[in-house]
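All figures in this text were calculated on a predicted structure; none of them were measured in a lab. In what follows, every chain begins at residue 1, and chains take the letters A, B, ... in the order their sequences are listed.
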Amino acid sequence: MAILIWIPGALDLDEFLEFIVGSSKDDAEADEQPLDLKPLKSLSPMFPTPPGYDVSSVSADPPVVYITPIFRSCSSSEHPRPDPASSAQESPISTNPPNVTPISAKFPTPRHKPASTIALKVTPISVKFPTQRHEDESSDEGSDEDYNPCYNKRNPPSLKRATKKARRAADSNATDIKQRPVRRSLSKELVDWRSSSKSPRELVEATMNMFDSLRRCTLQLAENEDSSKRADLKASVLMKENNLRINDMKIIGPVPGVEIGDIFFYRLELNILGLHVPIMGGVDYLPATHVGKDGSLAVSVISSGGYDNDENDTDTLVYTGHGGNSRYKDQHDQKLVRGNLALKNSAKKKNQIRVVRGVEDPFINSGKVYIYDGIYRIEDSWMDTTANGFSVFKYKLRREPGQPDGFSVWKMTEKWKANPATREKGITLDLSSEVENLPVCLVNDVGDEKRPSHFEYVTGVKYLRSLSRNKPVQNCKCPSMCLPGDTNCSCVQQNGGDLPYSSSGVLVKHVPMLYECSSDCHCSQECRNRVAQKGVKLNLEVFSTGDRGWGLRSWDPIRAGAFICEYAGEVIDETNMNTNIEEDDYIFRPSFPNDKALRYNLGAELFEEASTDATAENFKQFPIVINAKEAGNVARFINHSCSPNLLWQAVQYDHGDDNYPHIMFFAMKHIPPMTELTYDYGVRGAPPGFKGKFPQACKLRTCLCGSTKCRGSF
DNA sequence: GACTGCTCATGTTA
DNA sequence: CTAACATGAGCAGT
């Protein structure tokens, strides 16, 4: 069976994927290797599709997730097939020198499977079967139907190239003794990350998390050395070499686990998810050799200002073809080749095309934010002439009706930011009464409640007793800016040898305690080690959630690691506090273990042999709570979620008593505008075993977070 | 495979 | 601030 097509109606997606996984089980077991990894059979028999995930909801038409494994037409003479025997010997393990691609070392490398296991490769979670990119026979004869859109498997990691890279890396390893040791083995977290069952959404989130974590850590390492600053490229290569990319096959229509409105900050993120594969090109398409006699088909386009497109309409997009304005050649007419041809074919076929809108990042100069805007189809195409007299191709795409808002949300928030008074259903323009850096809008677009109960808006914490002043606040002698890798900087030392924030100001790692520069430091206010102390930089709004009281969300896009806000209020020494606080709606309790927040550090595990101090054991419980009932800031409105998008980080900068840190919230992942901000409150006061049985007795509350991993109460 | 050309990137410097 | 440029990875096509 060479072709495996999921036809909606015949099976739902769950059944389809279950079928795939089920059919592969025997082979997986047969090929199991003695590695300290969970056997493949323990992989989710029931994985994907979480309840909320519904491909068909985004399209009136049957979703066209044609998944047709055609492995480079190996049976035809013009594409000689690699010798299975020799390629079997050339597994990535044997060709990769030690220390270069450590992640692969512990993963099973199933040998070539019989044809029946080809089904495995069509699952969008191919990451679970890492090294099966080198396919064997699958004659696709009889597959060139009239309309046979199929996927084209992305190039497997090139052994040759990986080897070259590996050598280069090995060389530099030998010559550059400053380079830190790279872990040879995977941490348990990573093994779990790879082997546990995940829904498509969870897999996408885990993959994004891995990429960003690798990127941040690569960036931090690269800063101390003198290498290229393209940490995104390096993170991508690492992921590719270790088969951590997902959705290898090109898919027409929605990509499992990617939701409309999702935002990205690097083109490579789109590549890694299989959402838009070319890392520079604007048109992603199935090449003609894999589609059949009707030629190539476009599957995705990115509109990000490189050409003269109309970027304002949220319902249609006039897209300019590629070519004609190369940096290395004179301007010329566009040709009907590659993406342009694919778009023309798609105009005829009217197949679904994903659209990603690229816009300027409001926080990073010349940075871009990419917004996935869902499915479009080409309505019209024509040729046009530019002002310079060269001909270009134009394609008019129309958004499929009935899809959730994506780019239109972006446009709304842009309008509100320009003039907050245009926010519909706004109750108060600035809840903070101008105490915050930026106004905090209060809105209610679901009910009649006009205001939260009265409280005083403050931006910081108030201590009810004087702090111990035994330990002086940290201070450095840096003249203007603390520099990464500066061993003379006491603030760098105190943070374990690295600055805790990247050059773009995001939190690199979640650590037990983060030390920012203090007022006693000689460095300037522009020093990179001053982030959280400067307060909120986002346009936030407090809104009515309907069923969970007031909540907090942002008009701005938030990248992973970005600072959100402090938890402001009265700091209460826990030993002295009244334990019978009846109403604890506005209490912050530090709770441990904070395992979800530690996942933020995935990439660090790959780089450092001696694990950092950011392990669970090193996080201690602080003997305080913060009461924001009478006085607080936006943080008092942040709701609990079992699948949170924020973490809290203990930060010191204005005194030396580590028992009384500031509680600062940071984004754990990229957060699109208008997405509610949440953190995990932890489990309060429930003895083990009581949780769930007697939720009322333990003062647990029913959780309404709605996530698939909801614990039910908190 | 190996190689080339093409690409709506990204980050730094002039 | 903008432009130029240096570096770069992925992949379709040959």
Peer 1: Lys348(A): which residues meet the salt bridge (charged side-chain N to carboxylate O under 4.0 Å, His left out) condition with it, sequence neighbours left out?
Peer 2: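 If we apply the salt bridge (charged side-chain N to carboxylate O under 4.0 Å, His left out) test to Lys348(A), skipping adjacent residues, there are no hits.
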
Peer 1: Whole angstrom is fine here: how far is it from NZ in Lys234(A) over to P in dT7(C)?
Peer 2: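 The answer, rounded to whole Å, is 13 Å.
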
Peer 1: Using nucleotides 1-4 of chain C, report all nitrogen or oxygen pairs with the protein that are shorter than 3.5 Å.
Peer 2:
none

Peer 1: Name every residue in residues 387-396 of chain A that has at least one heavy atom under 4.0 Å from any atom of DNA chain B, in order of residue number, or write none if there are no such residues.
Peer 2: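 Heavy-atom cutoff 4.0 Å gives no residues at all.
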
Peer 1: List the residues meeting ring pair (Phe, Tyr, Trp, His ring centres under 6.0 Å) with Tyr307(A), not counting sequence neighbours, and say none if there are none.
Peer 2: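 For Tyr307(A) there are no ring pair (Phe, Tyr, Trp, His ring centres under 6.0 Å) partners, ignoring immediate neighbours.
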
Peer 1: Whole angstrom is fine here: how far is it from CD in Glu241(A) over to C1' in dA9(C)?
Peer 2: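 For the pair Glu241(A) CD and dA9(C) C1', the rounded distance is 12 Å.
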
Peer 1: Is a side-chain N or O of Arg245(A) found less than 3.5 angstrom from the main chain of Asn271(A), in a donor-acceptor match?
Peer 2: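 Not a single qualifying donor-acceptor pair exists.
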
Peer 1: Rounding to a whole Å, what distance do you find between Glu269(A):CD and dA9(C):C1'?
Peer 2: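 Value for this atom pair: 16 Å.
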
Peer 1: Is the shortest side-chain N to carboxylate O distance from Lys417(A) to Glu414(A) below 4.0 Å?
Peer 2: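 So Lys417(A) does not pair with Glu414(A) through a salt bridge.
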
Peer 1: Would Asp498(A) and Lys509(A) pass as an ion pair if we require N to O under 4.0 Å?
Peer 2: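 The answer is no: the pair does not qualify as a salt bridge.
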
Peer 1: Considering only residues two or more places apart or on different chains, which pairs with a residue in residues 346-378 of chain A satisfy ring-ring contact (aromatic ring centres under 6.0 Å, His included)?
Peer 2: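 Non-adjacent pairs meeting ring-ring contact (aromatic ring centres under 6.0 Å, His included): zero.
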
Peer 1: Indicate for each nucleotide in nucleotides 8-14 of chain B, in 5' to 3' sequence, whether protein heavy atoms under 4.0 Å reach the base (B), only the sugar-phosphate (S), or nothing (-).
Peer 2: BBBSS--

Peer 1: Considering every strand and a 4.0 Å limit on heavy-atom distances, what is the contact class for Val301(A): base, sugar-phosphate, or nothing?
Peer 2: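 Val301(A): no heavy atom of the nucleic acid under 4.0 Å.
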
Peer 1: Got more than 12 heavy atoms from elsewhere within 6.0 Å of CG, Asp330(A)?
Peer 2: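 No, not enclosed.
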
Peer 1: How would you list, by chain and number, every residue that makes a salt bridge (charged side-chain N to carboxylate O under 4.0 Å, His left out) with Lys669(A), sequence neighbours excluded?
Peer 2: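 Only Glu205(A) meet the salt bridge (charged side-chain N to carboxylate O under 4.0 Å, His left out) criterion with Lys669(A).
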
Peer 1: Evaluate the side-chain proximity of Met210(A) to Met239(A): yes if any heavy-atom separation is below 4.5 Å, no if none is.
Peer 2: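 A side-chain contact exists here, since the closest heavy-atom pair is under 4.5 Å.
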
Peer 1: Who pairs with Asp212(A) by salt bridge (charged side-chain N to carboxylate O under 4.0 Å, His left out), at least two apart in sequence or on another chain?
Peer 2: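 Partners of Asp212(A) under the salt bridge (charged side-chain N to carboxylate O under 4.0 Å, His left out) test: Arg215(A), Arg216(A).
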
Peer 1: Is there a side-chain contact between Val283(A) and Arg338(A), using heavy atoms and a 4.5 Å cut-off?
Peer 2: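 SC-SC contact between Val283(A) and Arg338(A) ruled out.
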
Peer 1: Around atom CD of Glu360(A), are there more than 12 heavy atoms from other residues, nucleotides or ligands closer than 6.0 Å?
Peer 2: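 Open: at most 12 neighbouring heavy atoms sit under 6.0 Å from CD of Glu360(A).
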
Peer 1: Starting from Watson-Crick (N1-N3 plus N6-O4 or O6-N4) and G-U wobble pairs under 3.5 Å, report the runs of at least three that DNA chain B belongs to.
Peer 2: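 Stems found: B:2-7 with C:9-14, B:9-14 with C:2-7.
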
Peer 1: Quick check: are there more than 12 heavy atoms from other residues, nucleotides or ligands sitting under 6.0 Å from NZ of Lys415(A)?
Peer 2: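 Above 12, so yes.
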
Peer 1: Verify whether one side chain among Thr320(A) and Lys394(A) offers a donor that lies under 3.5 Å from an acceptor in the other.
Peer 2: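 Yes.
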
Peer 1: For Tyr266(A), give me all partners under ring pair (Phe, Tyr, Trp, His ring centres under 6.0 Å), at least two apart in sequence or on another chain.
Peer 2: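 Partners of Tyr266(A) under the ring pair (Phe, Tyr, Trp, His ring centres under 6.0 Å) test: none.
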
Peer 1: Using a strict heavy-atom distance below 4.0 Å, which residues from residues 330-342 of chain A are in contact with DNA chain C?
Peer 2: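 The stretch gives none, as no residue of it lies under 4.0 Å from the strand.
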
Peer 1: How many Å lie between NE2 on His276(A) and C1' on dA12(C), as a whole number?
Peer 2: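 Whole-Å distance recorded here is 13 Å.
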
Peer 1: Who are the ring pair (Phe, Tyr, Trp, His ring centres under 6.0 Å) partners of His322(A), not counting sequence neighbours?
Peer 2: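 In terms of ring pair (Phe, Tyr, Trp, His ring centres under 6.0 Å), with neighbours along the sequence ignored, His322(A) is linked to no residue.
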
Peer 1: What is the separation between atom CG on Asp284(A) and atom C1' on dC6(B), rounded to the nearest whole Å?
Peer 2: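 After rounding, the gap between these two atoms is 14 Å.
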
